[in-house]
Amino acid sequence: MAAPLNESDATGQAGNIRIVLVGTQHPGNIGAAARAMKTMGLSRLVLVAPEKPLDDDAYRRSAGAEDLLDAAPVHATLAAAVADCRLVLGCTARSRRVQLDQLEPDAAASRLLQFAAADPVALVFGRERTGLTNDELQLCHASVHIPSDPAFSSLNLAAAVQVLAYEVRRALLAAAPVDVSGPRPDDQAATHDQVEGFFSQLAETLEAIDFHKGRTPDSAMRKLRRLFLRTDLSVNEVRLLRGVLADAQRMARLAREAGRLSP
Ligand code: SAH
């Protein structure tokens with residue numbers, strides 16, 4: 001039988017797992033999600049632009065998880081809420097056109113725990129009516145789908161949080177003690193924010209070298225994002241890639257200037 005989790009688990013791996021609720025419409029669902037988290041030993045609730053402030057209904061439905069509600073930071077955007085995360089997984093009720101790897105809940109839970117040994121990670125949930133936008137999903141490394149009936153696939157928000165939190169709990173209970181010494185200090189894993197900085201420069205560079213040739217940039221950028229998000233970029237690797245891009249931008253500038261000067 002698995003040993004019960006102790007206090008250090010709550011502040012260790014579990015303490016690095018963030019449940020992010022984006023644009024929630026009903027405060028009661030935030031309360032119910034907090035309750036679902038607390039039953040499974042998770043405590044880091046983060047809100048992104050909720051439609052309404054927390055109210056009596058939220059506190060009532062948290063049924064004793066008020067501490068999670070009171071401690072929950074509120075961000076204006078998903079990007080801000082996950083800026084320091086190593087891994088960001090977006091939960092979707094149906095598959096979208098966004099090209100993302102899709103994980104089942106148990107695989108998502110073990111992936112989260114693997115990264116949470118050393119860094120913050122996030123599990124992101126969308127709006128009750130419309131879920132996550134494609135732009136928000138683009139910020140995620142992979143999507144997670146609870147294999148519900150395709151003809152009636154959408155769980156209540158707090159129910160979806162419960163299923164994922166349960167899988168995280170099961171994975172934590174099953175896991176052998178993890179080495180939390182973290183990555184090599186000379187080559188720390190890049191944060192989400194650092195990787196996003198690289199993507200912005202990559203998009204600028206593709207424009208500067210006329211890579212798209214009149215096509216819309218979206219499709220190429222989506223594929224490139226997918227490629228790089230699949231890899232586990234380190235700070236040094238991001239620095240190297242940005243150095244390459246800076247040189248490409250410089251050469252493009254020189255070529256433009258030479259073109260202007262030539263007769
Ligand atoms: N009508 C919305 C569903 C929103 S349900 C849509 O079609 O996207 C609110 C949130 O709960 C979703 O954004 C998602 O994060 C989560 N959720 C609901 N059902 C889910 C499922 N089957 N798998 C994974 N997440 C789910």
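Counting starts at 1 for both ligands and their atoms, following the listed order. All values derive from a computational prediction rather than experimental measurement. Worth knowing before you read on, the calculation uses all heavy atoms, side chains too, and leaves out hydrogens, waters and symmetry mates.
For the pair Arg18 and Asp84, the salt-bridge criterion is met [side-chain N within less than 4.0 Å of a carboxylate O]. Glu66 and Lys38 are not joined by a salt bridge, as no carboxylate oxygen comes within less than 4.0 angstrom of a charged side-chain nitrogen.
In terms of heavy atoms, Ser153 sits closest to Ser148 at O-OG, 2.7 Å. Nearest approach of Asn16 to Ala118, heavy atoms of both residues: ND2-C, 3.9 Å.
Here is the list of ligand 1 atoms found below 4.0 Å of a heavy atom in Val144: 24 (C). Every atom of ligand 1 is numbered from 1 in the order shown, and the set under 4.0 Å from a heavy atom of Ser154 is 3 (C), 4 (C), 5 (S), 19 (N). Remark: ligand 1 atoms within the under-4.0 Å shell around heavy atoms of His145 are 22 (N), 23 (N), 24 (C). Ligand 1 places these atoms under 4.0 Å from at least one heavy atom of Phe125: 15 (O). Atoms of ligand 1 lying under 4.0 Å from at least one heavy atom of Arg94, given by number and element, are 6 (C), 7 (O), 8 (O). Here is the list of ligand 1 atoms found below 4.0 Å of a heavy atom in Ser148: 22 (N). For ligand 1 and Glu128, the ligand atoms under 4.0 Å from any heavy atom of the residue are 1 (N), 2 (C), 3 (C), 4 (C), 5 (S). For ligand 1, the atoms lying closer than 4.0 Å to a non-hydrogen atom of Ser153 are 19 (N), 21 (C), 22 (N).
For ligand 1, the polar-atom distance check finds no N/O of Asn156 at less than 3.5 Å from any of the ligand's N/O atoms. Every N/O-N/O distance between Val124 and ligand 1 stays at or above 3.5 Å. Annotation: Leu157 places no N or O atom under 3.5 Å from an N or O atom of ligand 1; distance criterion only. For the pair Gly126 and ligand 1, the shortest N or O to N or O distance falls below 3.5 Å. Considering backbone and side-chain N/O of Cys91, one or more are found under 3.5 Å from N/O of ligand 1.
For Phe198, the CZ atom counts as densely surrounded, since its 6.0 Å shell holds more than 12 non-hydrogen atoms of other residues, nucleotides or ligands. Other residues, nucleotides and ligands place more than 12 heavy atoms under 6.0 Å from the CZ atom of Arg225. Within 6.0 Å of the CZ atom in Arg226, the count of heavy atoms belonging to other residues, nucleotides or ligands exceeds 12.
Between the SG atom of Cys85 and the NE2 atom of His141 there is a distance of 9.0 Å, given to the nearest 0.5 Å.
Distances from atom 17 (N) of ligand 1 to the heavy atoms of Ala33, Ala108, Ala160, Ala158 put Ala160 nearest.
Looking at Asp70 and Tyr59, their side chains do bring a donor and an acceptor atom within 3.5 Å of each other.
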